[in-house]
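Before any comments, here is the structure.
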Amino acid sequence: MSPSQDFAQRVLHWRDEHGRTDLPWQQRRTPYRVWISEIMLQQTQVAVVIPYFERFMARFPNQIALADAPLDEVLAHWSGLGYYARARNLHRAARLIRDQHHGCFPSDLAAVQALPGIGRSTAGAILSLACGQRHPILDGNVKRVLARRFGVEGWPGKSDVLARLWELAERCTPDERVDAYNQGMMDLGATLCTRHRPACQDCPVRQSCIACLQGRQSELPAPKPSKTLPTRATLMLAIRNGDGEILMEQRPPTGIWGGLWSLPEATTDTSPEQWCQAHLGVAPSEVEMLPQRRHTFSHYRLTIHVAAIKIATAPCLVEERADRRWEQVTNARQLGLPTPIGRILAELQNDSH
DNA sequence: AAGGCGGGGAG
DNA sequence: CTCCCAGCCTT
(Lines give C-alpha, C1' and ligand atoms only; values in the text may rest on other atoms or scores of the structure.)
Protein backbone atom coordinates (compact mmCIF):
# COMPACT_ATOMS: atom_id res chain seq x y z
CA MET A 1 0.00 0.00 0.00
CA SER A 2 1.34 3.41 -0.93
CA PRO A 3 1.95 5.98 1.82
CA SER A 4 -1.04 8.05 0.67
CA GLN A 5 -3.33 5.01 0.66
CA ASP A 6 -2.09 3.95 4.07
CA PHE A 7 -2.71 7.47 5.32
CA ALA A 8 -6.29 7.49 4.01
CA GLN A 9 -7.07 4.09 5.55
CA ARG A 10 -5.82 5.20 8.94
CA VAL A 11 -7.86 8.40 8.77
CA LEU A 12 -10.96 6.42 7.82
CA HIS A 13 -10.45 3.95 10.63
CA TRP A 14 -9.93 6.75 13.13
CA ARG A 15 -13.04 8.50 11.85
CA ASP A 16 -15.09 5.33 12.34
CA GLU A 17 -13.97 5.14 15.96
CA HIS A 18 -13.76 8.79 17.02
CA GLY A 19 -15.44 11.05 14.49
CA ARG A 20 -18.51 13.14 15.25
CA THR A 21 -21.70 11.99 13.59
CA ASP A 22 -24.31 13.84 15.63
CA LEU A 23 -23.97 17.36 14.22
CA PRO A 24 -27.14 18.88 12.72
CA TRP A 25 -25.69 19.18 9.20
CA GLN A 26 -24.61 15.55 9.29
CA GLN A 27 -28.26 14.51 9.41
CA ARG A 28 -30.16 14.46 6.10
CA ARG A 29 -27.11 15.58 4.19
CA THR A 30 -28.19 17.60 1.17
CA PRO A 31 -25.97 19.93 -0.85
CA TYR A 32 -27.93 22.86 0.54
CA ARG A 33 -27.47 21.89 4.18
CA VAL A 34 -23.78 21.08 3.70
CA TRP A 35 -23.30 24.36 1.83
CA ILE A 36 -24.80 26.50 4.59
CA SER A 37 -22.89 24.65 7.30
CA GLU A 38 -19.59 24.92 5.44
CA ILE A 39 -19.95 28.66 4.97
CA MET A 40 -20.86 29.14 8.63
CA LEU A 41 -18.00 26.90 9.78
CA GLN A 42 -15.47 28.88 7.74
CA GLN A 43 -15.63 31.65 10.26
CA THR A 44 -16.95 30.19 13.48
CA GLN A 45 -16.51 27.19 15.71
CA VAL A 46 -18.91 24.27 15.76
CA ALA A 47 -20.53 25.05 19.11
CA VAL A 48 -21.39 28.60 18.05
CA VAL A 49 -22.61 27.57 14.61
CA ILE A 50 -25.16 24.97 15.77
CA PRO A 51 -27.91 27.39 16.96
CA TYR A 52 -27.35 29.64 13.92
CA PHE A 53 -27.64 26.65 11.62
CA GLU A 54 -30.88 25.48 13.26
CA ARG A 55 -32.49 28.93 13.04
CA PHE A 56 -31.32 29.40 9.46
CA MET A 57 -32.71 26.03 8.37
CA ALA A 58 -36.01 26.62 10.13
CA ARG A 59 -36.49 29.86 8.22
CA PHE A 60 -34.78 28.94 4.90
CA PRO A 61 -35.19 25.17 4.56
CA ASN A 62 -33.89 25.04 0.98
CA GLN A 63 -32.29 27.14 -1.76
CA ILE A 64 -35.67 28.25 -3.11
CA ALA A 65 -36.79 29.59 0.26
CA LEU A 66 -33.47 31.37 0.56
CA ALA A 67 -33.69 32.84 -2.92
CA ASP A 68 -37.24 34.06 -2.38
CA ALA A 69 -36.46 35.72 0.95
CA PRO A 70 -35.50 39.38 1.14
CA LEU A 71 -31.78 39.99 1.73
CA ASP A 72 -32.51 41.86 4.94
CA GLU A 73 -34.01 38.79 6.48
CA VAL A 74 -31.03 36.66 5.48
CA LEU A 75 -28.69 39.22 7.03
CA ALA A 76 -30.82 39.24 10.18
CA HIS A 77 -30.33 35.48 10.52
CA TRP A 78 -26.60 35.97 10.02
CA SER A 79 -26.36 38.75 12.56
CA GLY A 80 -23.61 37.97 15.06
CA LEU A 81 -21.67 35.63 12.79
CA GLY A 82 -19.64 38.34 11.10
CA TYR A 83 -18.31 38.42 7.55
CA TYR A 84 -21.64 39.65 6.23
CA ALA A 85 -20.43 39.59 2.64
CA ARG A 86 -20.87 35.84 2.92
CA ALA A 87 -24.53 36.14 3.74
CA ARG A 88 -24.91 38.35 0.67
CA ASN A 89 -23.05 35.75 -1.40
CA LEU A 90 -25.33 33.00 -0.06
CA HIS A 91 -28.35 35.00 -1.13
CA ARG A 92 -26.94 35.79 -4.58
CA ALA A 93 -25.97 32.16 -5.10
CA ALA A 94 -29.43 30.96 -4.09
CA ARG A 95 -30.99 33.26 -6.67
CA LEU A 96 -28.56 32.00 -9.32
CA ILE A 97 -29.56 28.43 -8.49
CA ARG A 98 -33.24 29.37 -8.69
CA ASP A 99 -32.93 31.32 -11.94
CA GLN A 100 -30.19 29.49 -13.82
CA HIS A 101 -30.26 25.92 -12.50
CA HIS A 102 -34.05 25.51 -12.36
CA GLY A 103 -33.89 25.53 -8.59
CA CYS A 104 -31.69 22.43 -8.41
CA PHE A 105 -28.33 22.60 -6.66
CA PRO A 106 -25.72 21.92 -9.37
CA SER A 107 -23.91 18.58 -9.17
CA ASP A 108 -20.94 19.56 -11.31
CA LEU A 109 -17.81 20.77 -9.52
CA ALA A 110 -17.15 23.65 -11.91
CA ALA A 111 -20.76 24.82 -11.70
CA VAL A 112 -20.73 24.71 -7.90
CA GLN A 113 -17.43 26.56 -7.78
CA ALA A 114 -18.83 29.24 -10.06
CA LEU A 115 -21.35 30.24 -7.39
CA PRO A 116 -20.38 33.35 -5.45
CA GLY A 117 -18.68 32.62 -2.14
CA ILE A 118 -17.81 29.05 -3.10
CA GLY A 119 -14.22 28.22 -3.99
CA ARG A 120 -12.51 24.95 -4.77
CA SER A 121 -12.45 23.61 -1.24
CA THR A 122 -16.05 24.43 -0.35
CA ALA A 123 -17.26 23.05 -3.69
CA GLY A 124 -15.35 19.83 -3.05
CA ALA A 125 -16.77 19.58 0.47
CA ILE A 126 -20.38 19.99 -0.71
CA LEU A 127 -20.17 17.45 -3.51
CA SER A 128 -18.17 14.90 -1.54
CA LEU A 129 -20.10 15.09 1.72
CA ALA A 130 -23.57 15.39 0.20
CA CYS A 131 -23.18 13.43 -3.04
CA GLY A 132 -20.22 11.14 -2.43
CA GLN A 133 -18.30 12.55 -5.39
CA ARG A 134 -14.55 12.09 -5.20
CA HIS A 135 -13.13 15.57 -4.69
CA PRO A 136 -10.36 16.70 -2.35
CA ILE A 137 -10.91 19.48 0.16
CA LEU A 138 -8.31 21.84 1.59
CA ASP A 139 -9.50 24.00 4.45
CA GLY A 140 -7.28 25.23 7.25
CA ASN A 141 -7.58 21.98 9.20
CA VAL A 142 -6.69 19.79 6.24
CA LYS A 143 -3.76 22.04 5.31
CA ARG A 144 -2.34 21.62 8.80
CA VAL A 145 -2.74 17.84 8.84
CA LEU A 146 -1.15 17.40 5.41
CA ALA A 147 1.67 19.88 6.00
CA ARG A 148 2.63 18.03 9.17
CA ARG A 149 2.20 14.48 7.96
CA PHE A 150 4.11 15.08 4.72
CA GLY A 151 6.54 17.69 6.01
CA VAL A 152 5.47 20.43 3.61
CA GLU A 153 7.73 23.42 4.18
CA GLY A 154 6.72 27.03 3.67
CA TRP A 155 3.68 29.17 4.37
CA PRO A 156 0.51 27.73 2.78
CA GLY A 157 -0.43 31.22 1.57
CA LYS A 158 2.36 30.94 -1.00
CA SER A 159 1.07 29.70 -4.30
CA ASP A 160 3.68 26.97 -4.73
CA VAL A 161 3.11 25.64 -1.21
CA LEU A 162 -0.64 25.72 -1.77
CA ALA A 163 -0.24 23.85 -5.05
CA ARG A 164 1.81 21.18 -3.29
CA LEU A 165 -0.89 20.78 -0.63
CA TRP A 166 -3.62 20.41 -3.27
CA GLU A 167 -1.51 17.79 -4.99
CA LEU A 168 -1.21 15.83 -1.73
CA ALA A 169 -4.91 16.30 -0.97
CA GLU A 170 -5.76 14.90 -4.39
CA ARG A 171 -3.39 11.97 -4.06
CA CYS A 172 -4.62 10.97 -0.59
CA THR A 173 -8.32 11.14 -1.37
CA PRO A 174 -9.56 7.55 -1.54
CA ASP A 175 -11.86 6.16 -4.22
CA GLU A 176 -14.25 4.73 -1.66
CA ARG A 177 -15.88 6.49 1.26
CA VAL A 178 -14.69 9.96 0.24
CA ASP A 179 -17.31 11.56 2.47
CA ALA A 180 -16.07 9.76 5.57
CA TYR A 181 -12.46 10.51 4.65
CA ASN A 182 -13.02 14.23 4.10
CA GLN A 183 -15.07 14.48 7.27
CA GLY A 184 -12.33 12.57 9.09
CA MET A 185 -9.65 14.98 7.88
CA MET A 186 -11.59 17.95 9.15
CA ASP A 187 -12.27 16.21 12.49
CA LEU A 188 -8.61 15.27 12.83
CA GLY A 189 -7.47 18.83 12.28
CA ALA A 190 -10.14 20.27 14.55
CA THR A 191 -9.67 17.89 17.49
CA LEU A 192 -6.20 16.26 17.52
CA CYS A 193 -3.97 18.02 15.01
CA THR A 194 -4.57 21.46 16.45
CA ARG A 195 -2.34 24.42 15.87
CA HIS A 196 -1.07 24.48 19.45
CA ARG A 197 -0.21 21.38 21.47
CA PRO A 198 -1.54 18.72 19.11
CA ALA A 199 -2.51 15.41 20.75
CA CYS A 200 -0.02 13.35 18.76
CA GLN A 201 -0.20 10.44 21.20
CA ASP A 202 -3.78 9.82 20.01
CA CYS A 203 -3.12 10.36 16.31
CA PRO A 204 -3.69 7.50 13.88
CA VAL A 205 -0.78 8.55 11.63
CA ARG A 206 1.81 9.55 14.23
CA GLN A 207 4.29 6.82 13.26
CA SER A 208 4.53 8.19 9.72
CA CYS A 209 4.07 11.90 10.47
CA ILE A 210 7.14 13.94 9.52
CA ALA A 211 6.36 16.73 11.98
CA CYS A 212 5.80 14.30 14.85
CA LEU A 213 8.87 12.19 14.09
CA GLN A 214 11.05 15.29 13.88
CA GLY A 215 9.39 17.09 16.79
CA ARG A 216 8.52 19.98 14.50
CA GLN A 217 4.78 20.24 15.17
CA SER A 218 5.15 23.90 16.11
CA GLU A 219 7.02 24.72 12.89
CA LEU A 220 4.62 23.07 10.46
CA PRO A 221 2.77 24.50 8.74
CA ALA A 222 4.98 27.59 8.62
CA PRO A 223 3.16 30.66 9.99
CA LYS A 224 2.30 33.59 7.82
CA PRO A 225 5.39 35.79 7.66
CA SER A 226 4.83 38.72 9.94
CA LYS A 227 4.36 41.88 7.98
CA THR A 228 7.63 43.64 7.39
CA LEU A 229 8.25 46.23 10.04
CA PRO A 230 9.85 49.54 9.14
CA THR A 231 13.61 49.38 9.48
CA ARG A 232 15.78 51.99 11.10
CA ALA A 233 19.52 52.02 11.49
CA THR A 234 21.83 53.34 14.14
CA LEU A 235 25.53 53.40 14.87
CA MET A 236 26.78 52.19 18.25
CA LEU A 237 30.28 53.23 19.29
CA ALA A 238 32.24 50.74 21.35
CA ILE A 239 35.13 52.95 22.47
CA ARG A 240 37.98 51.47 24.49
CA ASN A 241 40.63 53.62 26.16
CA GLY A 242 44.25 52.82 26.95
CA ASP A 243 43.19 51.08 30.20
CA GLY A 244 40.82 48.76 28.32
CA GLU A 245 37.77 50.54 29.68
CA ILE A 246 34.70 51.13 27.54
CA LEU A 247 32.66 54.31 27.33
CA MET A 248 29.10 53.75 28.50
CA GLU A 249 26.22 56.16 28.17
CA GLN A 250 22.93 56.26 30.01
CA ARG A 251 19.92 56.78 27.80
CA PRO A 252 17.32 59.47 28.41
CA PRO A 253 14.58 58.44 30.85
CA THR A 254 11.92 58.14 28.18
CA GLY A 255 11.81 56.52 24.78
CA ILE A 256 13.46 53.35 23.58
CA TRP A 257 15.49 51.68 26.31
CA GLY A 258 14.67 54.61 28.60
CA GLY A 259 17.11 54.91 31.51
CA LEU A 260 19.16 51.87 30.52
CA TRP A 261 22.89 52.00 30.01
CA SER A 262 24.02 51.68 26.45
CA LEU A 263 26.82 52.70 24.12
CA PRO A 264 27.21 56.18 22.68
CA GLU A 265 25.01 56.35 19.62
CA ALA A 266 25.22 58.26 16.37
CA THR A 267 23.49 58.33 13.04
CA THR A 268 24.85 55.87 10.49
CA ASP A 269 26.27 58.64 8.33
CA THR A 270 28.54 59.73 11.16
CA SER A 271 32.17 58.75 10.82
CA PRO A 272 33.57 57.29 14.04
CA GLU A 273 36.75 59.36 13.68
CA GLN A 274 34.71 62.54 13.39
CA TRP A 275 32.58 61.60 16.41
CA CYS A 276 35.61 60.98 18.63
CA GLN A 277 37.20 64.23 17.57
CA ALA A 278 34.03 66.19 18.24
CA HIS A 279 32.97 64.55 21.51
CA LEU A 280 36.19 63.36 23.07
CA GLY A 281 38.69 65.68 21.47
CA VAL A 282 40.90 62.81 20.38
CA ALA A 283 41.55 60.89 17.18
CA PRO A 284 41.07 57.14 17.47
CA SER A 285 44.13 54.98 17.01
CA GLU A 286 42.06 52.18 15.51
CA VAL A 287 38.55 51.83 14.07
CA GLU A 288 36.99 48.54 13.05
CA MET A 289 33.43 48.03 11.85
CA LEU A 290 31.95 44.87 13.40
CA PRO A 291 29.20 42.84 11.74
CA GLN A 292 25.77 44.49 11.78
CA ARG A 293 23.20 43.20 14.22
CA ARG A 294 19.44 43.27 13.97
CA HIS A 295 17.00 43.83 16.77
CA THR A 296 13.23 43.71 16.46
CA PHE A 297 10.88 45.86 18.46
CA SER A 298 7.13 45.54 18.38
CA HIS A 299 6.85 48.40 15.91
CA TYR A 300 10.12 48.55 14.01
CA ARG A 301 13.32 46.71 13.24
CA LEU A 302 16.64 48.21 14.16
CA THR A 303 19.86 47.55 12.28
CA ILE A 304 22.75 48.23 14.61
CA HIS A 305 26.09 49.12 13.09
CA VAL A 306 28.89 48.68 15.60
CA ALA A 307 32.20 50.55 15.43
CA ALA A 308 34.94 49.13 17.66
CA ILE A 309 37.21 52.08 18.44
CA LYS A 310 40.47 52.32 20.32
CA ILE A 311 41.80 55.56 21.68
CA ALA A 312 45.29 55.66 23.09
CA THR A 313 45.04 58.67 25.36
CA ALA A 314 43.74 58.72 28.89
CA PRO A 315 39.99 59.21 29.43
CA CYS A 316 40.54 62.63 31.04
CA LEU A 317 39.35 64.38 27.93
CA VAL A 318 35.77 63.27 28.39
CA GLU A 319 33.69 66.22 29.41
CA GLU A 320 32.08 65.88 32.79
CA ARG A 321 28.70 64.27 32.25
CA ALA A 322 26.75 62.17 34.71
CA ASP A 323 25.34 60.05 31.92
CA ARG A 324 28.76 58.92 30.67
CA ARG A 325 31.23 56.62 32.37
CA TRP A 326 34.30 54.65 31.57
CA GLU A 327 33.82 51.12 32.80
CA GLN A 328 35.70 47.87 32.66
CA VAL A 329 33.68 45.67 30.30
CA THR A 330 33.06 43.17 33.09
CA ASN A 331 31.53 45.90 35.24
CA ALA A 332 29.62 47.44 32.37
CA ARG A 333 27.89 44.11 31.84
CA GLN A 334 26.49 44.39 35.35
CA LEU A 335 24.62 47.59 34.48
CA GLY A 336 21.04 47.53 33.25
CA LEU A 337 21.60 46.96 29.53
CA PRO A 338 19.31 46.41 26.57
CA THR A 339 19.69 42.86 25.28
CA PRO A 340 21.51 43.69 22.04
CA ILE A 341 23.98 45.90 23.89
CA GLY A 342 24.64 43.13 26.39
CA ARG A 343 25.42 40.82 23.48
CA ILE A 344 27.79 43.31 21.94
CA LEU A 345 29.69 43.68 25.22
CA ALA A 346 29.84 39.92 25.65
CA GLU A 347 31.40 39.60 22.25
CA LEU A 348 33.89 42.38 22.84
CA GLN A 349 34.96 40.67 26.04
CA ASN A 350 35.41 37.32 24.33
CA ASP A 351 37.35 38.82 21.44
CA SER A 352 39.76 40.67 23.68
CA HIS A 353 40.60 37.45 25.52
C1' DA B 1 -2.70 42.15 20.86
C1' DA B 2 -2.11 39.27 17.26
C1' DG B 3 -3.18 35.88 14.05
C1' DG B 4 -6.36 32.51 11.75
C1' DC B 5 -10.24 31.62 9.00
C1' DG B 6 -11.84 30.77 2.60
C1' DG B 7 -12.93 33.47 -0.95
C1' DG B 8 -12.88 37.66 -3.71
C1' DG B 9 -11.04 41.67 -5.63
C1' DA B 10 -7.37 45.18 -6.42
C1' DG B 11 -2.90 46.24 -7.82
C1' DC C 1 1.12 36.52 -8.66
C1' DT C 2 0.76 38.95 -4.04
C1' DC C 3 -1.43 41.62 -0.95
C1' DC C 4 -5.50 43.00 1.75
C1' DC C 5 -10.00 42.59 3.59
C1' DA C 6 -14.02 41.10 6.47
C1' DG C 7 -15.53 40.35 12.07
C1' DC C 8 -15.27 37.33 15.45
C1' DC C 9 -12.72 34.11 18.27
C1' DT C 10 -8.70 31.80 20.51
C1' DT C 11 -4.18 32.03 22.34
Side-chain angles (χ1 to χ4, degrees), chain A residues 25 31 34-53 55-56 71 74-97 106 109-129 135-148 152 154-166 168-170 182-183 185-199 211 217-230 296-301:
Chain A
W25 45 89
V34 172
W35 172 35
I36 303 301
S37 70
E38 285 298 316
I39 301 297
M40 287 183 172
L41 288 165
Q42 280 172 11
Q43 62 205 42
T44 313
Q45 296 219 315
V46 169
V48 179
V49 162
I50 290 175
Y52 277 92
F53 181 82
R55 281 199 303 139
F56 200 93
L71 176 60
V74 180
L75 288 170
H77 280 73
W78 204 263
S79 176
L81 277 178
Y83 276 109
Y84 298 97
R86 297 179 190 206
R88 283 188 281 274
N89 281 337
L90 279 183
H91 192 237
R92 276 173 60 209
R95 295 199 159 175
L96 279 170
I97 294 169
L109 185 73
V112 175
Q113 211 177 323
L115 297 169
I118 301 182
R120 182 175 175 188
S121 184
T122 304
I126 294 168
L127 290 180
S128 63
L129 299 181
H135 300 297
I137 59 171
L138 195 60
D139 69 4
N141 287 325
V142 177
K143 284 176 188 170
R144 192 166 53 249
V145 173
L146 291 176
R148 284 181 174 155
V152 177
W155 174 53
K158 281 272 177 207
S159 57
D160 56 341
V161 178
L162 189 63
R164 172 73 182 130
L165 288 169
W166 271 114
L168 284 166
E170 164 65 36
N182 279 347
Q183 191 64 62
M185 287 293 282
M186 294 191 282
D187 289 353
L188 201 53
T191 61
L192 294 191
C193 196
T194 50
R195 203 147 57 84
H196 301 288
R197 298 149 123 288
Q217 294 94 329
S218 67
E219 297 166 32
L220 295 173
K224 176 193 173 91
S226 50
K227 58 173 178 282
T228 51
L229 302 170
T296 304
F297 296 100
S298 58
H299 52 306
Y300 68 91
R301 197 183 292 273

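Chain A is the first sequence line, chain B the second, and so forth, proteins listed ahead of strands; every chain is numbered from 1.
If you take atom P in dG8(B) and the same atom in dC9(C), they sit 24 Å apart, rounded to whole Å.
Nucleic acid contact for Leu138(A): none, since no nucleic acid atom lies under 4.0 Å from a heavy atom of the residue. Residue-level contact check: Arg144(A) touches the backbone only, with heavy atoms under 4.0 Å from sugar-phosphate atoms and none from bases. Residue contacts shown for Leu162(A) are absent, as no nucleic acid heavy atom lies under 4.0 Å away.
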Report task. Assess whether side chain to side chain contact (heavy atoms under 4.5 Å, CB included) is satisfied between Tyr83(A) and Asn89(A), documenting all intermediate values. Result -> CA-CA 10 Å; Tyr83(A) 276 109; Asn89(A) 281 337; over 6 Å; no
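For the pair Leu75(A) CG and dA6(C) P, the interatomic distance rounds to 16 Å; values are reported in whole Å. Atom CG in Leu41(A) sits roughly 15 Å away from atom C1' in dG4(B) (whole-Å rounding). Look at CG on Leu115(A): it is 12 Å from P on dG7(B), rounded to the nearest Å. One interatomic measurement links the two molecules: NZ of Lys143(A) to C1' of dC5(B), which rounds to 9 Å at whole-angstrom precision. The CH2-P distance, from Trp155(A) to dG3(B), rounds to 12 Å in whole Å. In this structure, the NZ atom of Lys224(A) is 7 Å from the P atom of dG4(B), given to the nearest Å. The CD1 atom of Ile39(A) sits 12 Å away from the C1' atom of dC5(B) (whole-angstrom rounding). One can place CG of Leu220(A) at 14 Å from P of dG4(B), the figure rounded to the nearest angstrom.
Nearest-nucleotide assignment on DNA chain B puts the 5′-proximal partner with Ala222(A), out of Ala222(A) and Pro116(A).
Take Leu162(A) and apply the side-chain contact (heavy atoms from CB on, under 4.5 Å) test, not counting sequence neighbours, and it matches Leu138(A), Lys143(A), Trp166(A). Arg120(A) is linked by a salt bridge (charged side-chain N to carboxylate O under 4.0 Å, His left out) to nothing, counting only residues two or more places apart in sequence or in another chain.
Here Gln217(A) contributes atom CD and His196(A) contributes atom NE2; the two are 13.5 Å apart, rounded to the nearest 0.5 Å.
Comparing dC5(B), dC3(C), dC1(C) by their closest approach to the side chain of Lys158(A) singles out dC3(C).
The closest side-chain heavy-atom distance from Ile50(A) to Trp25(A) is below 4.5 Å. Here the side chains of Asn141(A) and Leu188(A) are not in contact, with every heavy-atom distance at 4.5 Å or above.
Arg144(A) places a side-chain N or O within donor-acceptor distance of the main-chain N or O of Gly189(A), the cut-off being under 3.5 Å.
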Set out, line by line, the N/O atom pairs under 3.5 Å between protein and nucleotides 8-11 of chain C.
from, atom 1, to, atom 2, distance (Å)
dC8(C), OP1, Tyr84(A), OH, 3.4

